[in-house]
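Input: a single structure, listed below in structure tokens.
In what follows, residues are counted from 1 in the order of the sequence shown.
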Amino acid sequence: MTQQNLTKLIEDCKEIEHQIWTDYVDVNEKCEPIIDGIVDIEKYLSSKFQILWILKEPYDDVEDGLAAGGGWHFANDFLAPTGFYKRMGRSRTTWQPIIYVNYGLLHGCMNFDDMDYIRNNQTMTEIVRHIAVINVKKLPGFTRTNDFGPIWAAYNKHKQLLHKQIDTYNPNIIIGGSTLHLFYKELGLEKDKEKVFGCVEYYEKDDKLFIAAYHPAQTTVTRDRYVDDIINLVKQWTATQTSQPPTKGLPQGWLTE
């Protein structure tokens, strides 16, 4: 990727952030959108895989029984490297599986049992700087999504922007945490054409791997199985490619000061 193309990606990401801010409006006037996207563009591009997680919704605060808060930036605030381990707080059940999956994928498809526990090696949390994360509903919700209706509504209302995010970030691995089914039609993925690997379903299309997984905070399967099934699927997919999955990234150290 040239400096010119990198500059364009940075500009495109800023344009998307502005569009999120203007398009997601809370009818209750209790909250503002939470900006998402690529966490660190240079690290994302320089990684072996460009990985995008699609989640349901963030949460922040509650006021008068309604979701409230927002008005901040996922990458610059919540996922900022300094203090992220402590900042995870009550969202640990979501973020620790994401960390394990991405740490394993970006360290030679390492399995769960071969990794440290995050609590013993808190630097593992820095792996989130290498990925992209988007929420379907970008206004704060509650800690648990018991009613999927607002997620469907947010997708139908903002699908153009959500697909613009996918197209702009151009990941080669897309992991939906109980969300990928929302995108099937527009992505051209047929429900009855999915393949199964362990606890996940997946599709291969246009040199991309689409993984329909449980939400990371799920309790249906054990954490090690959840992590290893995704990692081993990617390992299998990589091995069956006629060539290595395209690495659109930059050489390590490029553009450093």
Side-chain angles (χ1 to χ4, degrees), residues 6-26 28-47 50-63 66-96 98-99 102 122-143 145 150-151 154-155 157-171 174-177 179 215-217 255:
L6 178 65
T7 300
K8 184 179 187 306
L9 177 57
I10 293 171
E11 292 174 350
D12 289 345
C13 288
K14 288 181 179 178
E15 179 183 322
I16 287 172
E17 291 180 4
H18 177 73
Q19 191 172 348
I20 291 171
W21 190 258
T22 56
D23 285 8
Y24 281 80
V25 178
D26 177 32
N28 298 311
E29 298 184 345
K30 294 286 186 182
C31 57
E32 296 176 311
I34 295 172
I35 306 300
D36 55 26
I38 299 176
V39 180
D40 183 311
I41 292 176
E42 186 179 342
K43 285 183 169 61
Y44 174 80
L45 292 174
S46 64
S47 297
Q50 283 66 55
I51 303 167
L52 168 66
W53 282 80
I54 304 177
L55 303 177
K56 297 176 186 177
E57 62 181 353
Y59 60 86
D60 192 356
D61 203 355
V62 176
E63 183 180 326
L66 298 171
W72 44 270
H73 195 294
F74 243 96
N76 298 341
D77 299 315
F78 181 68
L79 297 179
T82 303
F84 175 53
Y85 177 79
K86 292 183 178 179
R87 201 160 48 247
M88 278 192 288
R90 56 184 176 171
S91 63
R92 245 180 211 124
T93 54
T94 294
W95 285 98
Q96 287 194 349
I98 292 175
I99 291 166
N102 291 283
Q122 296 178 20
T123 63
M124 291 172 66
T125 62
E126 295 174 10
I127 203 68
V128 298
R129 310 296 300 166
H130 294 256
I131 66 174
V133 181
I134 65 175
N135 286 288
V136 175
K137 179 174 171 285
K138 302 183 192 302
L139 293 168
F142 297 99
T143 55
T145 307
I151 309 300
Y155 176 77
K157 183 175 182 180
H158 301 289
K159 67 174 69 175
Q160 185 175 359
L161 173 56
L162 291 164
H163 283 274
K164 181 179 180 179
Q165 286 188 284
I166 296 174
D167 292 342
T168 299
Y169 308 154
N170 194 23
I174 298 94
I175 305 172
T179 56
H215 188 275
L255 286 183

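- Here Ile38 contributes atom CD1 and Ile51 contributes atom CD1; the two are 12.5 Å apart, rounded to the nearest 0.5 Å.
- Under the side-chain contact (heavy atoms from CB on, under 4.5 Å) criterion, Lys159 pairs with Tyr155, Asn156, His163, Glu186, sequence neighbours left out.
- Distance check: Ile151 CD1 to Thr179 OG1 gives 9.5 Å after rounding to the nearest 0.5 Å.
- For Tyr24, the ring pair (Phe, Tyr, Trp, His ring centres under 6.0 Å) partners two or more places apart in sequence, or in a different chain, are His158.
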Contacts table for residues 30-37: side-chain donor-acceptor under 3.5 angstrom, sequence neighbours left out:
residue : atom : partner : partner atom : Å
Lys30   : NZ   : Glu63   : OE2          : 3.2
Lys30   : NZ   : Asp64   : OD2          : 2.9
Asp36   : OD1  : Lys138  : NZ           : 3.1
Asp36   : OD1  : Gln165  : NE2          : 3.0
Asp36   : OD2  : Asn135  : N            : 2.8
Asp36   : OD2  : Lys138  : NZ           : 2.9

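- Residues forming a ring pair (Phe, Tyr, Trp, His ring centres under 6.0 Å) with Trp21 (at least two apart in sequence, or on another chain): none.
- When the side-chain hydrogen bond (donor to acceptor under 3.5 Å, both in side chains) test is applied to Gln19, the partners found at least two apart in sequence or on another chain are Asp23, Lys164.
- Ring geometry, Phe74 versus Phe78: the interplanar angle exceeds 60°, so the pair is classed perpendicular (tilted spans 30 to 60°).
- Under the side-chain hydrogen bond (donor to acceptor under 3.5 Å, both in side chains) criterion, Glu17 pairs with His73, not counting sequence neighbours.
- Applying the side-chain hydrogen bond (donor to acceptor under 3.5 Å, both in side chains) test to pairs two or more places apart or on separate chains, none has a residue in residues 77-88.
- Side-chain atoms of Val39 and Arg129, non-hydrogen and from C-beta on, do get closer than 4.5 Å to each other.
- Two residues are said to be in side-chain contact when any heavy atoms from C-beta on lie closer than 4.5 Å; Leu139 and Pro150 fail this criterion.
- With a 4.5 Å cut-off on side-chain heavy atoms, Ile98 and Ile131 count as touching.
- Going from atom CD of Glu11 over to atom CG of Leu6 covers 10.0 Å, rounded to the nearest 0.5 Å.
- Of all heavy-atom pairs between Pro58 and Lys137, the closest is CD-O, 3.0 Å.
- Atoms NE2 and SG, from His18 and Cys13 in turn, are 15.0 Å apart once rounded to the nearest 0.5 Å.
- Applying the side-chain hydrogen bond (donor to acceptor under 3.5 Å, both in side chains) rule to Thr123 yields the partners Asn121; only residues at least two apart in sequence or on another chain are considered.
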| request: Would you check, one step at a time, whether the test side chain to side chain contact (heavy atoms under 4.5 Å, CB included) holds for Asn102 with Val128? | output: CA-CA 8 Å; Asn102 291 283; Val128 298; over 6 Å; no
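- Listed for the Lys43 side chain is no donor-acceptor partner under 3.5 Å among the backbone atoms of Ser46.
- The side-chain heavy atoms of Met88 and Ile99, taken from C-beta on, include a pair separated by under 4.5 Å.
- Looking at Tyr44 and Leu9, their side chains never come closer than 4.5 Å, going by heavy atoms from C-beta outward.
- By the salt bridge (Lys or Arg N to Asp or Glu O under 4.0 Å) test, Lys8 pairs with Asp12, sequence neighbours left out.
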